[in-house]
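Some notes on the structure that comes next.
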Amino acid sequence: MIKEWATVVSWRDGHALVSCDVKSSCSSCASRAGCGSRVLNKLGPQTEHTISVPSREPLSVGQKVELGISEGSLLTSALLVYMTPLLGLFVMAAVFQLLFSSDLAAFAGGVLGGIGGFLIARGLSPRLATRDTWQPVILSVGLPPDLLRTETTSPDASR
């Protein structure tokens, strides 16, 4: 089970809208000043994801929840997204090479196969996303933010 903490944005009718921060490992590396990956991560537009998760118990805004998703669904979706276009690229490049005996034809077949594989993955992903085993679930719920209160006293106040 892959686990991640999220913050509740809203709760209504048994569904919680939660926000997950996108974490990258680039902020802890010692060579972050000259790292190209860090620059690319900064260019990305989205730093958080908002998703809807079923929740029987009412949740308050700002409350932390631990989400979980099975490893199998994560691996299957990654295979679908990455391997389908790659497989389409290689298969169609080989078919075009065999049919036309030309490198240009193999290139064109590879491009068409990659695009076709991407379109196949795009068409299959909404159907697979509706499966219950592919949905994130709430594993544990933190205290509401207004329930926990801390008081600090300074050493001078006790005199």
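Hydrogens, waters and symmetry mates are skipped; everything else that's a heavy atom, side chains included, is used. Keep in mind the model is a prediction, meaning the values are calculated, not measured.
- Two residues are said to be in side-chain contact when any heavy atoms from C-beta on lie closer than 4.5 Å; L139 and M1 meet this criterion.
- Residues F96 and L112 approach most closely at CZ-CD1, 4.1 Å, considering heavy atoms.
- Atoms CD and CD, from Q63 and E57 in turn, are 7.0 Å apart once rounded to the nearest 0.5 Å.
- Both V141 and W11 sit in one connected hydrophobic cluster of ILVMFWY residues. Membership requires side-chain heavy atoms under 4.5 Å apart, directly or through other members.
- Put simply, L75 and V81 are part of two different groups of oily side chains (I, L, V, M, F, W, Y) that touch within less than 4.5 Å, one to the next.
- K64 NZ to T7 OG1: the interatomic distance, rounded to the nearest 0.5 Å, is 3.0 Å.
- Under the 4.5 Å side-chain criterion, counting only non-hydrogen atoms from C-beta, L67 is in contact with I51.
- Rounding to the nearest 0.5 Å places CD1 of I69 at 9.0 Å from OG1 of T133.
- If you chain together hydrophobic residues whose side chains sit under 4.5 Å apart, I120 and L128 fall into the same group.
- None of S10, S52, S55 except one satisfies the side chain to side chain contact (heavy atoms under 4.5 Å, CB included) rule with H15; the exception is S52.
- Sorted by first and then second residue, the side-chain hydrogen bond (donor to acceptor under 3.5 Å, both in side chains) pairs with a member in residues 71-97 read S70-S73; sequence neighbours excluded.
- Annotation: the span from F90 atom CZ to M83 atom CE amounts to 8.5 Å, rounded to 0.5 Å.
- Going from atom CZ of F107 over to atom CG of L89 covers 9.5 Å, rounded to the nearest 0.5 Å.
- Contact record, C20 with A6: SG-CB, 3.5 Å, taken as the closest heavy-atom pair.
- Cluster annotation: V53 is connected to V8 through the hydrophobic network of ILVMFWY side chains, with a link wherever side-chain heavy atoms come within less than 4.5 Å.
- Q135 contributes a side-chain N or O that, together with a main-chain N or O of A129, makes up a donor-acceptor pair within less than 3.5 Å.
- Residues V18 and I138 are not in side-chain contact: their nearest non-hydrogen atoms beyond the backbone lie 4.5 Å or more apart.
- Considering every non-hydrogen atom in both A105 and F100, the closest pair reads CB-CB, 3.6 Å.
- With rounding to the nearest 0.5 Å, the separation of CG in L87 from CG in L79 is 11.0 Å.
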